[in-house]
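Below is one structure, written out as structure tokens; the observations come after it.
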Amino acid sequence: MNEELKKPFNPIEHENLIYKKWEESGFFNPDVCVAKGVTKAEADYFSIVLPPPNVTGTLHTGHALMLAIQDIMVRYNRMLKKRTLWIPGTDHAAISTESVVVKQLSKENKNKHELGREEFLNKVKDFTQKSHDTIVVQLKKMGASLDWSREAFTLDEKREEAVYTTFEKMYNDGLIYRGYRIVNWDPKGQTTVSDDEVEHQPKKAKLYYFKYDKDFPITIATTRPETKLGDTAVAVNPDDSRYKKYIGKTIEVNFVGVPLSIKIIEDKEVDPEFGTGALGVTPSHSQIDWQMADRHKLEKIQIINEYAKVMVDHPDYKDKKVEEVRKIIVDKLREQNLLEKEEEIDHNISVSQRTGAVIEPLPKLQWFIDVNRPFKIKGDNIKGQAFSKGSTTTLKILMSEVVSNNQIKIIPERFKKVYAEWLTNLHDWCISRQIWYGHRIPVWYRGEEAKISKKSPGEDWEQDPDTLDTWFSSGLWTFSTLGWPENTDDLKNYHPTSILETGHDILFFWVARMILMSVYILGEIPFKEVYLHGMILDKNGKKMSKSNPETAVDPLLTIEKYGADALRMAMIVGVGPGSNNSLSEDKIKAYKHFANKIWNIARFVLENCQGQSFEVGAVQGLSLATPENNAHLEKFDGLIKEVTDDMENYRFYLAAEKLYHYTWHTFADIIIEESKTKIKEGGEKAESTKNMLGFLLKEQLKLLHPFMPFITEKIWSLLPNTENLLMIESWPSRK
RNA sequence: GCGCGCUUAGCUCAGUUGGUAGAGCAAUUCGUUUACACCGAAAAGGUCGGGGGUUCAAAUCCCUCAGCGCGCACCA
């Protein structure tokens, strides 16, 4: 017997070597599998993209979960002999990455403007290269069977080509436009952010009731008195009889020393129940007020700047922060006896998800994707009568339909509703960011002229300084990684991808954007199914993440201690799609014990079954098969059926648990225990039993391989008649 | 305000189409002449959040209430 088997199983001794063996075999690449006859050229395909981790740091345990699930899918499908492709890559994560590097600079008392755009970007490049290299090591340690020959980066040259081509097409179709309107401004990050990057936090606030001046007839209520410096109207509901007589009038007021011209208007958006039922309209600093101003042709005065400071030319306010001005104004109103009431209310403040800064709504000239503008569909691959090639639709309708009609199936299904709800609230997507790291907007200006171009159209042209939202490039991921805009074989062979596996927290950010881009650019869905996993929680139920150092766990430390196989099993067993997972060290330890159990099973079988072929099927044809052994084989057949069924329906958590129980409590505790006496007795019964043990071990390794690839591959290599790697064996089929 | 999820053994959670409950860890008892103490055997532990309904039968389906968590919207 092999000397290695005599020691207890020690994962770190084997895992790196095994991964190297897999890589060298080339079988992670489906082209190699076809060339070497492992898969048939005309076989079905299974393709999946790795959600590209951000190059802002290293992987955490949450990533380990997604890798475990995806690798299980990939290895299972590879064993079904499909042409199986799993594409690796990383995401430049524009804002996150830039803010990490900016923070590092500030520790050295520097800022990016001192460095200049080019040097700053070089710094970012150094940083991201290091992150990337760490991430690649981590991916390999987890056992991820990714096709490294196809590795991509959202900001590399090929993806740049895809981004440019997309931008140009959308611009020419009128789906990308430049517009002046209220955006979510992050004063800390000094950039706009999209609606989805804004979080709402509950907070107690004061609602102030007052009049602009003593002669003004109507009391208004607001939580932000400082913005009233930019008011141009007071709006009331058309059905509100209290204010009827004032409608249409324009009243000149002196609001805390600042002259304003206030028009009284009626608008059905005003809630007569809230405050006094009269709303001070601030067109430049509120989304709703901006729209009202458009409807009523009101003047729009910007009074707050990008640094959240007041711009009004008055010595008491100019260049002071909004909070400070608020206090000053409230004090003045009180002195002038204009403040009628202060009411404590619960409300939500908008905060930038990335920087934590309070969002300041500001009017700005930005680039948007129009989700409601009609355009013609390119392809013929989207189901539904309204969607044949050349018909007219909008991005919003398309995004909605492909999910509601189940062309794209979401698992678990409840997220279908969440997705639909998001779509009903979807506005045009602001895609320009005032940061340096990312895809630069390919538009050049000369005076009033604008041109789309990759390179400068001439000497006096200047490129738009802004970059694109990081999700613009990741939205292209399913096809930009397959070679688009070139019409490659990969694109023909592997798109739409079979499934997308990711966390439910990026359903809107990423999944929705990929659907948008793919249906628009290719006229086909990006993936047939979406499997959403939950969040990893620590044992106190807190979300594990980089931003929470108390709970962040480097998966490499866990792997070193318990092995990747144990970590994978601990993440999978008992965790259904979409549900959160409290991962405890005890659970991981339990599966390390399981790995050791398998190891010892292999030792027992190899010691006792020398001379046996271990050949699949050898038992079935054996005349000396005993009724008891046949019963065991029949039971195993049932296991294959159940596990296969679970795999097909994405019930990995059940499949893994069943395999665990079978191996430990049926194979080891019953079959092996029984075999001891039979083998001692010798004769035909003993031979039959030995034959069965070898057969069952080999088949179990196959079933366990997607879940615990390392140890199963290692043991496989120690068995007789195993010239091929286990990773390219066929998944057991039921007789 | 709208929507979603969760509530099962001390802890963390499974329970796939309804057939009166399972795992890991912890705790109890016993066992070590070698596959494995990272082990084996045995026993213990639950009115499946409360209430109501459908059914021959409900942890599972329906209604309702409560607690916890999440998403979205509003936010003058």
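Order of the sequence lines fixes the chain letters, A, B, ..., with proteins taken first and strands second; residue numbering starts at 1 for each chain. Treat the numbers as computed from the prediction; the structure is a model and nothing was measured.
In this structure, Lys417(A) reaches the C4(B) phosphate: one of its side-chain N or O atoms is under 4.0 Å from OP1 or OP2. For the OP1/OP2 pair of A73(B) and a distance below 4.0 Å, the side-chain nitrogens and oxygens of His200(A) include at least one atom meeting the criterion. Here Lys589(A) does not reach the OP1 or OP2 of C25(B): none of its side-chain N or O atoms lies under 4.0 Å away. Phosphate proximity of A23(B) to Tyr653(A): absent, as no side-chain N or O sits under 4.0 Å from OP1 or OP2.
Here the nucleotide nearest the side chain of Ile601(A), chosen from U16(B), A23(B), A35(B), is A35(B). When distances are taken from the side chain of His347(A) to each of C2(B), C39(B), C75(B), the shortest belongs to C75(B). For Leu654(A), the side-chain atoms get nearest to U16(B) when compared with the rest of A23(B), A35(B), U16(B). Closest contact between the side chain of Asn600(A) and the listed nucleotides C75(B), U16(B), A35(B) involves A35(B). Side-chain proximity of His593(A) to A35(B), C4(B), C38(B): nearest is C38(B). Residue Lys676(A) places its side chain closer to A35(B) than to any other of C75(B), A35(B), C38(B). The Lys597(A) side chain lies nearest to G40(B) when the options are G40(B), G5(B), C2(B). The Trp664(A) side chain lies nearest to G40(B) when the options are C38(B), A35(B), G40(B). Picking from A35(B), G15(B), C72(B) the nucleotide with the shortest atom distance to the side chain of Ile672(A) gives A35(B). Closest to the side chain of Arg414(A), from the set A23(B), C72(B), G5(B), is G5(B).
Using a 4.0 Å heavy-atom criterion, one finds that Ala205(A) contacts no nucleic acid atom at all. Within the nucleic acid shown, Lys658(A) comes within 4.0 Å of at least one base atom, counting heavy atoms only. Across all strands shown, Ile349(A) has no heavy atoms under 4.0 Å from either base or sugar-phosphate atoms. Among the protein residues, Ser579(A) comes within range of the sugar-phosphate backbone only, with heavy atoms under 4.0 Å from sugar or phosphate atoms but none that close to a base. At a threshold of 4.0 angstrom between heavy atoms, the contacts of Asn608(A) with the nucleic acid are absent. Note on Glu421(A): a base of the nucleic acid sits closer than 4.0 angstrom, heavy atoms only. Heavy atoms of Asp271(A) sit under 4.0 angstrom from at least one base atom.
Checking each of Trp429(A), Trp471(A), Trp422(A) against Phe509(A) for a ring-ring contact (aromatic ring centres under 6.0 Å, His included) leaves exactly one that passes, namely Trp471(A). Tyr562(A) pairs with exactly one of Lys589(A), His593(A), Met569(A) by the side chain to side chain contact (heavy atoms under 4.5 Å, CB included) rule, that one being Lys589(A).
Here A35(B) presents its C1' atom at 13 Å from CD1 of Ile711(A), a figure rounded to the nearest Å. Between Asn425(A) atom CG and C2(B) atom P there is a gap of 15 Å when expressed in whole angstrom units. Here the C1' atom of nucleotide G1(B) and the CZ atom of Phe274(A) are 14 Å apart, to the nearest Å. One atom, CZ of Phe652(A), and another, P of C13(B), lie 22 Å apart when rounded to the nearest Å. We find that CE of Met535(A) is positioned 10 Å from P of G71(B), with the value rounded to whole Å. When the C1' atom of C74(B) is taken as reference, atom NZ of Lys203(A) falls 18 Å away, rounded to whole Å.
In this structure, A73(B) makes no Watson-Crick or G-U wobble pair, since no nucleotide meets both defining distances under 3.5 angstrom. For G24(B), the paired nucleotide is C11(B), the pair qualifying as Watson-Crick or G-U wobble because both relevant distances are below 3.5 Å. Pair assignment for G67(B): C6(B), on the basis of Watson-Crick or G-U wobble contacts that are both within less than 3.5 Å. Look at G18(B): it lacks any Watson-Crick or wobble partner with both distances under 3.5 angstrom. In this entry U54(B) has no Watson-Crick or G-U wobble partner, no candidate having both defining distances under 3.5 Å. U47(B) makes up no base pair with any nucleotide shown, lacking Watson-Crick or G-U wobble contacts both under 3.5 Å.
The nearest heavy atom of RNA chain B to Val575(A) and to Tyr591(A) marks one nucleotide each, and the one closer to the 5' end goes with Val575(A).
Taking the six-membered ring for Trp and the full ring otherwise, the centers of Phe216(A) and Phe255(A) sit at least 6.0 Å from each other. Checked against the 6.0 Å centroid threshold, Tyr662(A) and Phe636(A) count as a close aromatic pair.
Taking every heavy atom of both residues into account, Ile303(A) and His285(A) meet most closely at N-NE2, 3.0 Å. The minimum heavy-atom distance between Leu659(A) and Phe594(A), with the atom names listed, is O-CZ, 4.4 Å.
One donor-acceptor pair, N or O on each side, does fall under 3.5 Å between the base of A35(B) and the side chain of Glu673(A).
The shortest side-chain heavy-atom distance between Thr558(A) and Thr61(A) does not fall under the 4.5 Å cut-off.
The P atoms of C72(B) and A14(B) are separated by 23 Å, rounded to the nearest whole Å.
The main-chain N or O of Leu5(A) is found under 3.5 Å from a side-chain atom of Arg603(A) such that the two form a donor-acceptor pair.
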